[in-house]
Amino acid sequence: MDRLFKILDLPAKIIGVATVVYIALLYLAPGVVAAGLARWAAYTQQAVYAYYEVGTDDSVTNQDGRLYLTRTGPRGYVDLHPGDRLLAADQVNLRLEPTASSAVFRLLNGGECVMVIGAPVNSVPVTNAKSGGYLKVAPVRCN
């Protein structure tokens with residue numbers, strides 16, 4: 001039994017130190033953890049979805065956070081294409097599935113950008129807007 005404990009001692013210490021470092025990073029640098037999770041999602045090809053909605057007056061609504069299209073031209077939900085960049089005006093929920101009930105993978109902060117990486121995937125019936133739905137996105141630099 002002593003031999004088993006000696007074999008397991010080093011892995012247990014490594015896991016313990018890694019856990020302490022992770023908890024410290026969550027508290028001291030949550031952005032670093034979020035960026036790491038985003039990279040892991042990209043590495044594992046985990047899709048992340050953002051909600052985009054255009055109001056009846058052509059303004060972007062605040063259903064799940066406001067995203068603004070950075071290019072000129074038509075900006076309705078159905079007008080978005082892969083490669084379009086969206087700028088967050090405030091916190092935007094990035095979800096694991098293209099539904100409002102899906103878990104939030106991470107919060108996109110105001111001033112950060114995402115790029116549309118797929119065609120619109122889940123148009124949502126809207127009542128006070130022209131169009132809206134979920135887009136498959138990936139975090140990118142805004143410039």
Side-chain angles (χ1 to χ4, degrees), residues 4-143:
L4 177 63
F5 286 131
K6 287 180 181 178
I7 292 171
L8 295 176
D9 188 47
L10 180 61
K13 286 180 182 177
I14 292 170
I15 291 170
V17 169
T19 302
V20 169
V21 169
Y22 179 74
I23 291 170
L25 282 174
L26 278 175
Y27 180 73
L28 299 172
V32 171
V33 174
L37 289 174
R39 283 191 195 96
W40 177 254
Y43 175 75
T44 60
Q45 298 181 347
Q46 174 69 52
V48 181
Y49 299 91
Y51 185 79
Y52 178 86
E53 183 176 273
V54 176
T56 55
D57 61 351
D58 285 332
S59 66
V60 176
T61 65
N62 193 14
Q63 177 74 17
D64 212 9
R66 292 177 296 158
L67 289 169
Y68 289 95
L69 186 60
T70 59
R71 68 165 168 78
T72 58
R75 60 180 179 215
Y77 173 71
V78 295
D79 300 316
L80 298 178
H81 304 288
D84 283 341
R85 286 180 193 258
L86 301 169
L87 172 67
D90 46 31
Q91 285 192 329
V92 174
N93 292 326
L94 297 181
R95 298 184 179 275
L96 293 174
E97 300 290 330
T99 64
S101 60
S102 174
V104 174
F105 178 72
R106 97 171 250 236
L107 287 175
L108 189 69
N109 293 313
E112 293 182 312
C113 290
V114 290
M115 179 180 289
V116 177
I117 59 172
V121 292
N122 189 11
S123 181
V124 175
V126 293
T127 53
N128 297 322
K130 284 185 178 178
S131 63
Y134 286 88
L135 301 163
K136 189 174 184 180
V137 298
V140 294
R141 290 185 189 204
C142 290
N143 51 5

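Because the structure is predicted, anything quoted here is derived from the model rather than measured.
- When atom types are taken as modelled, the side chain of Thr70 and the backbone of Arg85 share a donor-acceptor pair closer than 3.5 angstrom.
- Legend: residues meeting side-chain contact (heavy atoms from CB on, under 4.5 Å) with Pro82, ordered by chain and number and at least two apart, are absent.
- Sorted by first then second residue, the disulfide bond (SG atoms under 2.5 Å apart) pairs that include residues 77-118, not counting sequence neighbours, are Cys113-Cys142.
- Remark: Tyr52 OH to Asp79 CG distance equals 8.0 Å, nearest 0.5 Å.
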Checklist entry - Given the rule in the salt bridge (charged side-chain N to carboxylate O under 4.0 Å, His left out) test, do Arg141 and Glu112 qualify, once you have shown the distances and angles that lead to the verdict? => result CA-CA 7 Å; Arg141 290 185 189 204; Glu112 293 182 312; over 6 Å; no
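- With sequence neighbours excluded, the residues forming a side-chain contact (heavy atoms from CB on, under 4.5 Å) with Ala89 are Arg66, Tyr68, listed by chain and number.
- Note on residues 7-21: pairs passing side chain to side chain donor-acceptor pair (under 3.5 Å), not counting sequence neighbours, are Asp9-Lys13.
- The distance from atom CG of Leu87 to atom CG of Leu67, rounded to the nearest 0.5 Å, is 8.0 Å.
- With rounding to the nearest 0.5 Å, the separation of CG in Leu86 from CE in Met115 is 9.5 Å.
- Among pairs with a residue in residues 20-29, none fulfils salt bridge (Lys or Arg N to Asp or Glu O under 4.0 Å), at least two apart in sequence or across chains.
- Note that the CG atom of Leu10 and the CD1 atom of Ile15 stand 10.0 Å from one another [nearest 0.5 Å].
- Among residues two or more places apart in sequence or in another chain, the side-chain contact (heavy atoms from CB on, under 4.5 Å) test is passed with Ser102 by Arg95, Leu96, Glu97, Thr99.
- For Val17, the side-chain contact (heavy atoms from CB on, under 4.5 Å) partners at least two apart in sequence or on another chain are Val21.
- Every residue two or more places apart in sequence or in another chain that forms a side chain to side chain donor-acceptor pair (under 3.5 Å) with Asn109 is listed here: Gln91.
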